[in-house]
Each structure stands twice: as structure tokens, then as C-alpha cells.
There are 2 protein chains.
Amino acid sequence: MIVLINRYRYLFYSLLLLVGSWAHAQSELPIMPYPEKIQLDNGKFYLTQSFNVSIEGTHSDRLPKEASLFLNQLVEQTGLFLNYRHVAGQREQAALKIVTERAGNVEIGENESYTLQVNASGIVLKSETDIGASRGLMTILQVIDGDEKGYFIPHVIIQDQPRFAWRGLMLDVARHFQPLQSLYRTLDAMAAVKLNILHLHLSDDQGFRFESKLFPELNSKGADGKYYTQLELRELIAYADQRGIMVIPEIDVPGHATAILTAFPQYGSKDTTYVLERFAGIFDPTLDPTNEEVYVFLDQLFGEVVKIFPSPFFHIGGDENMGKHWDENPDIQAFMKAKGIRTNHQLQSYFTLRLQDILDKYDRRMMGWEEILADDLEQSAVIHSWRGEWEGAAPKSSLYEAANKGYSTILSNGYYLDLILKAKDSYMMDPAPTSANLTASQRENILGGEMCMWSELVVAQTVDSRLWPRAAAIAERFWSPEEVKDVQDMYDRLDVISLWLENFGLKHISSPNRILRKLAAGHDPEPLKILIDLVEPMKGYTRNPGGTMYNTFSPYTKWADAATADAQGARVFNQNVACYLHAKIGCSDLKSQLISWSSNHQKVVPIMEDSPALREIETLSENTSKVAKLALETVGYLESNEKPGSTWFVEAKQLLSKASEQGGRTELQIIDGVTNLVAALEGEVK
Amino acid sequence: MIVLINRYRYLFYSLLLLVGSWAHAQSELPIMPYPEKIQLDNGKFYLTQSFNVSIEGTHSDRLPKEASLFLNQLVEQTGLFLNYRHVAGQREQAALKIVTERAGNVEIGENESYTLQVNASGIVLKSETDIGASRGLMTILQVIDGDEKGYFIPHVIIQDQPRFAWRGLMLDVARHFQPLQSLYRTLDAMAAVKLNILHLHLSDDQGFRFESKLFPELNSKGADGKYYTQLELRELIAYADQRGIMVIPEIDVPGHATAILTAFPQYGSKDTTYVLERFAGIFDPTLDPTNEEVYVFLDQLFGEVVKIFPSPFFHIGGDENMGKHWDENPDIQAFMKAKGIRTNHQLQSYFTLRLQDILDKYDRRMMGWEEILADDLEQSAVIHSWRGEWEGAAPKSSLYEAANKGYSTILSNGYYLDLILKAKDSYMMDPAPTSANLTASQRENILGGEMCMWSELVVAQTVDSRLWPRAAAIAERFWSPEEVKDVQDMYDRLDVISLWLENFGLKHISSPNRILRKLAAGHDPEPLKILIDLVEPMKGYTRNPGGTMYNTFSPYTKWADAATADAQGARVFNQNVACYLHAKIGCSDLKSQLISWSSNHQKVVPIMEDSPALREIETLSENTSKVAKLALETVGYLESNEKPGSTWFVEAKQLLSKASEQGGRTELQIIDGVTNLVAALEGEVK
């Protein structure tokens, strides 16, 4: 199994030696999302300069475009000077033959399956739709490998299709605007891992990003000059369509509407002026559901939006409307009394149902966050389940409730990328596991899942490292069979895929590196790299307490912004500790790394002296070196079968507790491993 | 002189130890371009969260925008959470007071001077125009420093103004299209180093990049779908104007016109069909100067261009028209006979003068490459001097000829960034040195210089590392006093400025790093980094022999694309060798580095085995390690005062000669240093 062995080198280079032979892997090729069926053979099909592509069967002009993109990527990956770069129609003796039956449509439930067969005669990619073929082309790119003879694709037969029809990514472009180029590379990376929905959160308290020609005040007053023109969105949507991705608009109402109210305060529930929100949180401004003009306005605005977004889904938000201004407004209270509306939730439902009429007129299915669930909601609505433990709710409760009531529904709880969960935490969240007691029709109602990238603490420079590579792991959850859930194997492949994703222009590796270069202030950034690889940004909502530590204009190129959700160095270390404690032989050497870490702080100190922005990590850096020294001592005791006195253990635990405190809004991730070492020492040696 | 000492750490980190105390520096602050006058004091003005900006005097809305950009950059650089991010009008007790007398105009010869005074009471920036103030703001950013107390600006008085009025950069967006975002970050970096002209080479044999609404065929047939819309250009030009930069259009005629002729073959000098050129070189297709319809067409097209580009200058190209199709066309020959036109150059002059009438009508000054020089050319024309040694001409001969004939003129010879000259080579080229025997009026006619970034071998991903940081050194030549020309000092500051330029979104460091990560194919790229730091891409036109090795669609993410024009490691090594041979004491340690290089190849080998794209550097890598071993031996002999036999010297020279050969289209740059070591051994020890 040459390929398998070969692939181990891809385990991210600096960690190669650490992972060593103990690592477990079930996958034969570094494909992500992993395909439904794969049968690997021993041969190799070598790629040469005369590599060319043939297109056969019925398709739209998507297919030549996608094949051309594929060739660009192939050249980018391999550096081959291809003789044939033009893709149009059938060729005899093509290295890659693509055979499709019909043009695909970008719609939920479209056939995206493909089969791939690579043998000595070449590569054959077959699919019903040209969207399926696009998915297969990405798989081919993932399995290109090299050896002493050149680049090759292993002989293999792959059969593949998605598990869930809805495999989405929501991008909050309201709180921090994302430039167009960022959206394009996001689309490319999404296509690379077979995601098919881009949901744009276009409005919130901090900004309104859709160009309205009917209501230009929404942009002039509500956008800080940062919004997408209708032309830009049309082109973006057309490109997404080529890539087999649907773009869904969200105009968040009635809450999260401050940006709208800066332009049209008369539609608010409180008689006041509004200014764009600069902080994070849940705010009071909300539309007035008792004002008929509000519906006239939304009708016109939605009409403008649907002209640009052909998607059959229209997301109206509907979340986190607390109704404080409703409580305070006597007119609204009188309206509720007159209509027999008793709660704010009922009032919001009244509002929601009014919007449903508007969207019905425009032939759009209403979609909204789970708060829109109401008794009279039409069955066509799609319920977006998002609340979970952070919000005091049982995860997936609204998902299952909606599915049970016959609504189409998707899951975002567990997939909030801004909470900086480790990839494995999102990865293990399954929208509809076999273990869940669901009827066939309930299962059918669960369309899939959607990651959410809320952008309170994310700017264009950092969004890639917050999205990727984690999004690829979640994409696997949405696409691959339920049984594909070995965490270690996922991480092994994710390390490979992360490097591969750079081919699509992502900055998830280069941007954190660049922040570290800046923080290093002319010094060698290596000691900072060593440390950042052991820490992760504070999780959940803890980095930005009360939503007031950061505002829109705060710097987002600090220490925590260079840290990522999965501290790779710490992950491998903790894994090696487990190996050490479990096997004691055949594991990677813990000591040399601990020695390097234990002296790292003294290398950070001179950098810190010249770089005031680093002062916030002084304690973190010092404690990290201390913890490494402690681990070294522990290993020393374990190896010599000695045991220190009880004071030593007391001090060890104090240090581990202190070292768990945040520094630079990040947290050290090797505490678990070292705690386990200390516990083993305490327990094992009598 | 705390600041000066402090600054040494900025010498690019990995080389810090090598440069050590021998390095020579004349500059007191890492400013580039270096200002006219600088008086540095001992105090420090610390930046705090309450840093704010006051704007006083008359200005356009450029100034608040520029001040706001400045604050963004300040936050980006320092990570300070500023309390005041809004810039509008006068504030008492502002940390930074900007005082201007009038709005500036983006025109040649506008006052761009400023004075900057930093003392205990704060920062005062004074200028006649708000463009001058913008220039001063960039200087402030360059002198922000940090110590254990925080970020500060040293107490200093700076008086500054440009030496040349024309400080340009030409970007060839025709051969390889540059996406808009690339142009924007180029503008930002240009402003950062006080350049004021962006010249867009919009058409050539390989593409036509200006959206023509009158002649949409130019885009549909001549652009591969890649061109700038008029709206995009308007916005770009407006942004450039804010940054104090003029954007000048070039429509290259009559040669370099294949893209135009793909759309309108009837305007060509040969009765044929034309297809977009995919290779590099000088091609035959040329407009027919005897066809009156050509002038009608160009009149309309130019009319469209001038509506978008307000610049008083209009570049018509005019270069490298060999007239082969003129020679072959009997009608053209008959026309020449009838008109008494004897040479192709005269025929081109006829064409040029016809265009002059058109541009006069549009109130534009004609600008063209030096070939447009002709007897009847109007005095308003601007001559763009470009030929030099590579073209068999004396450098600056056309510059001085034009200046002598009373034409405004600018110099590009010596500043062709695509030739991959070392920064110092361009840096030492002075358009009008005191040593040149020029009259006052001749001097006045020399407006300045313009770098050229021709894009045969450059794509969006690599353009930054081809432009920067070298462009900053050339910008200094254009802006700073003639006497600022210490090469070592320039490089010392360039190393600092290169890191600083990343703050403007440039990818000149991250993009080569990313290419190396790709080439490393999952291995640690460090051995590749060590090697790439010792090589430079082949110079001049040698990388792409005959213009046929690469075409438009070739891969440009190979080994040579990760190499840059100034191999920093080699530069510092050669400098250390000079120190060693000159002083023998007080120099940095040569040996430890040589030991590391001599074993580098064995680390490259396993990477190469998995990365077929690296196979092309096998010999280069091997020879580099051999040369390092040779240098080690030489130093050993020198230190022990021994001398090897003559065979040793023969073999040494053979190795050095072999190691000079290219590998992966790059050349090893430590040969000089090692050759000097060997020569010293050969000569010194009797």
C-alpha cells in the first residue's frame, strides 16, 4: 500500500516525527470529505505534459468552465507545463474523460453523485449531472501524489454521493464586511470540499451590505460605505452557480435591525434616532410590527433582493428579538391587546406571518432562525436550528421539533465557527445520527447543516484562518457516510487538506504567519510560532466579555488572531502523552520537544521587549516553559521509577491551574497532557 | 542614540547575527525614501489609547480620509485599542496635529513637501497641500518604534520634499491580467513610499484590458474575459487620487496590437486573421497607418479612454514596431512612395503625428516610448526613455536627447523590475546625476523616472514579490536627495521597510513562503527556505529563452517564482566574506552558517523524492552544499595558514564554475564570496 505509507509524510511537517508509528489511520487516501466507497489498487497513472481532458455527453457551459478551473489547479499543484489547456468537447485518447448525462441545477436535492475510475488507460469520471462531475474533479485534485518518477494518481475506483442535501456555510458580512475577493476564494474553497450553500448574513445592527437602489439610505447611512453592489452580487451568484453553490440572502428582521433603522428610524419600535452599533451583543432596536409602512418597505426591499438572488430560499433572520422596545411602546401594547396577542413571541409570529405573505408573492420559501417557529407557519418554511448549550437549550431540540412538525430544517448548533471550537467538536455533531429516534419522514425533513461564521471578532485578514481548515472537517460531516467519524483519521487528513486548500488562494496559513512576523518586530518569529502552536483563542463568548472589549474598529491582528481553533502542536503532544502512558514504547520522543519548550520563554523575552503588543503574553509564555519543565521532571520520575514528595504534587497542580489562565486572550492546550502525566506519576508509583 | 541601536534588530531576523557590528549605517531612522533633512533628538513621544488626530487649515476631503487610513494603519501596526477613531476637524490637545494650507491637486510638480516635528507635546505635521500631509503621514508610520514602555515616536524634526516630480510605476496588466485587488494594494504600497504615478499598460499582443463600450469586441475577443470595467477604473482612479497618485492609461499602438487586431483584423497591415498571442516577444502584427479608418477607430477609442482617465497624459506606446507587415504590404509601400516616406520609422512618425492631432483635440499630452521621437513632434509630448544595454543602446541616450530637444522626458531604463536586477543596480541608476553634463533647462525637462513591471512571467500571486521591496529602493532614488546612495544603508533600511510593507496587504513575503510550502509537499520547507535565500531568478531575458519556454498559461508557482531579485542570505554572506577578508576580526561567524549549508542538500533530497516539481533543483542544491564545503575548507586553510596544492585550486575553480550554472531557472549568489575566499587563499599564503 504505497500510497498509504507515502501519505504519512503529509502529516504536517513539523510534527512528522512526533506522530510516528503510533498514529492510527483508516483512510487510504487523503480525501475530504471522504467518499462513500473507495477501492484502491496498486498501480499509478502518471500525469505528463500531454495530459488532456475530454468532455462527453450532455452538460451546460458549467462543465468546460469547471474542467478549465481543474486544469488551472492541476498546473498550480504540480507545476506541469501542459500542452493542452483548452477544454471543449470530446477528444480521443484523453487522459481524463468526463461523461455526464445532463446539466445540473443548483437546487436542494440535485444529483451530485459521481464515479471515478483510474487505471492504466486513464481517468474516467462519470456522473448524471455536471455538478456531480465538478464534485469529482475536486476529488481527483485531492489524490494527486508524487514520487521519484513524477506526479501520479493511484489506480482507484470511487463511488460517491452526499449524505445531506444541504451543506452550508453562513458568512456574517454585516458585522465586519468581507471584500468580494474574500467571498470568491471562500466559494472556491467551499467547492473544493463539496459544500453547496453560501448563506450571506447581509444585515445586522452593525451594517447593511446589500445595495438597495430603492432605498439608498440603507447604504449611505447603514453601511460605512461597505456593501455589495447588485452587479457584484449578480456576478458572485453566477460564479457560485458555476461552482454548484447556491447563494441565499438573509435580511435579519425584526431584531438585529439597527442598520436599517439608522436609515429609517420611523420603522423602529421606539421614537428615537439610531446609530450603527459598534459593539457585539443583543440589542434592543427592532422593527415595529404594528406599523403597516414597515410591511410596505419590506415588501419593496425583499422584491429588490429576490431580483438579484434566484435562490428559492429567503432567510428573514428572526433571531434574538427581545422585544424590550415593544414592551415600552404603549401603541404596540394597545395593538397587542386589540388583537389578542399576549406575548412578544406571538407578536413576532404575527410579523413573521405577514412576511410569509410577501415571500409567497415572490415565490420564495421563507427561512428563518428557529425563533420563527409558530403555530400558523406554512409548511414550506425552513427552520434554522441554532440554539444549544450556550443558550440554555438542548442541542438540536428545535431541529427535531421542526422535523416533527413537518418543516424542512437544518442544523447550525455545534457548527458556530466563531466560537472557536476544536474541529473534532463540530465534527462529532451529527444532525441526524442513527442513534436518534427519528421516523423516516422526520429524517427526510432534516436537510443537513450549516456552519456559521459570525464576524464580531473576524476581519478579512483573519476570516480564512477562522473558517479553514475546520470547515473541511464539518463539510465531511455533511457529505460523508455517518460511519466516517474517526477523529484521529480526520485530523490526519485535515493536515493534508489544509495545505492543499492553499492552492485555492486561502490565507489561513499565511495570514497567522504574517501576524507573527509583525509581532516579532524584526526578530525571528520562530519562538512565537512555537508558542502559538500550543494555544487556542478563548472559546465560546469568553474572548470578548460583555461584547464590549472589542468594537468594530479594534485591532484584529493581535496574538489571539494569530492563534487558531486547533493548536496542532498541543494536539499532537497530548496524543503522544496518551501513547506514552499507554504503551511507553514505540511512541515519539516527548523529551526533546519538552526541552525546547522549556527554554522557549527565554527566547520570547527579547522579542517582547521590542514589541509592546506582545506584553500581554508574558505570563502565558513563562508558564508554558514552566509547564514543559514540570512535564520533563515528571517523565524523569516515571522513567526512574521514583516518586517525589507530596509538596511536589501540590506545587505541580498549582502551576497547572495557574497556567490554565488565559494570556493574550488565548489558552494553553498542553495542560491536559501534562496533567495526565502528573496523575500517572501520582497514581502509578506507590 | 537609542533609536539607532534599537533599529539594528530590524535587520532581517535570520541574519541578525551575521551582520553584527561590521555593518555600516548612515541613517538614523528606517525611513524610505529617506527625507531631505532630519534632526533626531533623544526623547520619545509615547502612543497611548487616547491618541487622536486634529485637522486644521484648508484641505479637500482627501485629508480626513488619509488621516483615517493612517489611524487604521497605526492600529494595525501597534495593536492599540484607540479611543478615538473618527477624524473630522480640529481637536484641542490632539496627539497629532495636521495643518495644511490648501487642497492639493494630483498633477506633476504639485507641492508634496511637509515638515514633521515630534517632541514632548506631540506631533505636528505641516504642509502646503494635503498631498504633502499624506506623504508625511507615511513617514510617521515608518518611525513608530517600541520599547519596554510601549510604542513611541522619537523626538525628531524632518523637512522633506521630492527631488523628482515624476515617480512612477508601470504595471503591465495586458500580458498577465492583474485583479483589481492587486491594483489597490499596489496603490497603497506606492503611497507608502511616496510614489505618485501609476501607469497602466492596458493593451498588448496578449490582451486588451480596458472596457470599451463602443467596441465591445475588444473585450469579448481580445481579453480572455479579463478586463477592467469603466466603473472599476473610475473607482480605482478616484482612490488613487485620494492617495495622491495619478493613473495614466497606455493603449500601445501601432505595434503590440495583436489583441486589438483579434477584434478588428481589418485595421491590421496584413490581410489575415489574428489570435491572441500566448508567448513573449516582439511580434509582427501592427496597425495599418495608411488606413483612414484606423484613425477614426483610435479617435473614438481614445475618446472613451479620456472620459475615464482624467490624467493630462495619454501614453500611446509606440515601441518595438518592426514594420515587417509594412514591408510586405504593397499598398503600404505605394502609400510611402506617394508621400515620400522612406523608412518605417518615418511611417511610424506619420502615424504618431496623426495621433497627436487626436490627443490635442482631447486636451491630452501625448506620451510614448522613445521610438515616438520624431522631427515634427509637438513640444508637449513626453518621451519615455527605456532602451539600454540589453537593447544595444547607451543608457539614458534617448532621455538626454529628448531633454536636449526640449521634450519632457522620464527614465525607465535601469528600472525594469521584470529583469530581476538586484535592488542596488536600479538604486544606483540616477536619471540626472550632478556628474552628467546637463544644462538647467535640460535638467528641468527630466521629470523623473518610472519602474516597469512587464508581466510575461508574472501573475497575480507573484507580482508583489517582483515589485516589492525593490520598488521602495527605486522610490528613494526618485524622491530623496542625490547624495542618499549608500547601498549598504539602503539594504539595511529596505529589510525593515520590507516587513513594514506587509501592513499594506502586500504578499511579497507570504506568497514565496506559500510556494515553498507547496513545493515541500508536506515536508518541513525549512531546507528549501535556506536554499532559496541563496539564489536569484535568472536575470534579464535569460529565464525565458526566445520567449517560448513559458506561455500565458504556464505555471508560475515554481522554484524560480519563489526566488526573489535580492537573495538576502547570499547578500549578507558575501558582505561577511568581505568583512572577514578585510578585517579578520569583529566579523560575524562564517563557519556555522557554512556548516549548515553544507549539510542542506541531504535535507533537500527526501523532499525532492516526494515533490517532482523540485527535481529541477537537484544539481543546484547539491552544488550549493559542495560550494559551502569548499568555503569551509578554504577558511580552515586560511586560519591555519596552510595552503593546499595546485590541484585543489583547479578543482575548486571547476566547482565554482559548475555551480554558477542555473538550476530551476535560478542562479546561486554565493559564488562571488566563495571565489574571493579562494582567491585570498591562493594569493595570500605564499
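Residue numbering restarts at 1 for every chain, and letters A, B, ... go by the order of the sequence lines.
Lys65(B) and Asp61(B) are joined by a salt bridge, as a carboxylate oxygen and a charged side-chain nitrogen come within less than 4.0 angstrom of each other. Asp145(A) and Lys44(A) are not joined by a salt bridge, as no carboxylate oxygen comes within less than 4.0 angstrom of a charged side-chain nitrogen.
Most heavy-atom pairs under 4.5 Å with chain B: of the set Glu526(A), Met608(A), Arg514(A), this distinction falls to Arg514(A). Most heavy-atom pairs under 4.5 Å with chain A, from the set Glu609(B), Glu502(B), Lys507(B): that is Glu502(B).
Judged by distance alone, with hydrogens and angles left aside, the side-chain atoms of Gln230(B) form a donor-acceptor pair with the main-chain N or O of Glu211(B) at under 3.5 Å.
Aromatic ring pairs are classed by plane angle as parallel below 30°, tilted from 30° to 60° and perpendicular above 60°; the pair Tyr556(A) and His176(A) is perpendicular.
Aromatic rings from Tyr151(B) and Tyr46(B) are positioned such that their centres are separated by 6.0 Å or more.
Contact annotation for Gln77(A): only backbone heavy atoms (N, CA, C, O) come within less than 4.5 Å of a heavy atom of chain B. Met549(A) touches chain B through its backbone: at least one of N, CA, C or O sits under 4.5 Å from a heavy atom, while the side chain does not. For Thr78(A), the part lying under 4.5 angstrom from a heavy atom of chain B is the backbone only. In this structure, chain B has heavy atoms under 4.5 Å from both the backbone and the side chain of Glu76(A). Using a 4.5 Å cut-off between heavy atoms, Lys149(A) contacts chain B through its backbone alone, with no side-chain atom that close. Neither the backbone nor the side chain of Asp561(A) comes within contact range of chain B; no heavy atom of the residue lies under 4.5 Å from a heavy atom of that chain. Interface remark: Asn503(B) contributes backbone and side-chain atoms alike to the contact with chain A (heavy atom separation under 4.5 Å). Residue contact with chain B, scored on non-hydrogen atoms closer than 4.5 Å, is absent for Leu71(A).
When all heavy atoms are compared, the tightest approach of Leu457(A) to Thr462(A) is O-OG1, 4.5 Å. The heavy-atom pair separating Gln142(B) from Trp500(B) by the smallest distance is NE2-CZ3, 3.2 Å.
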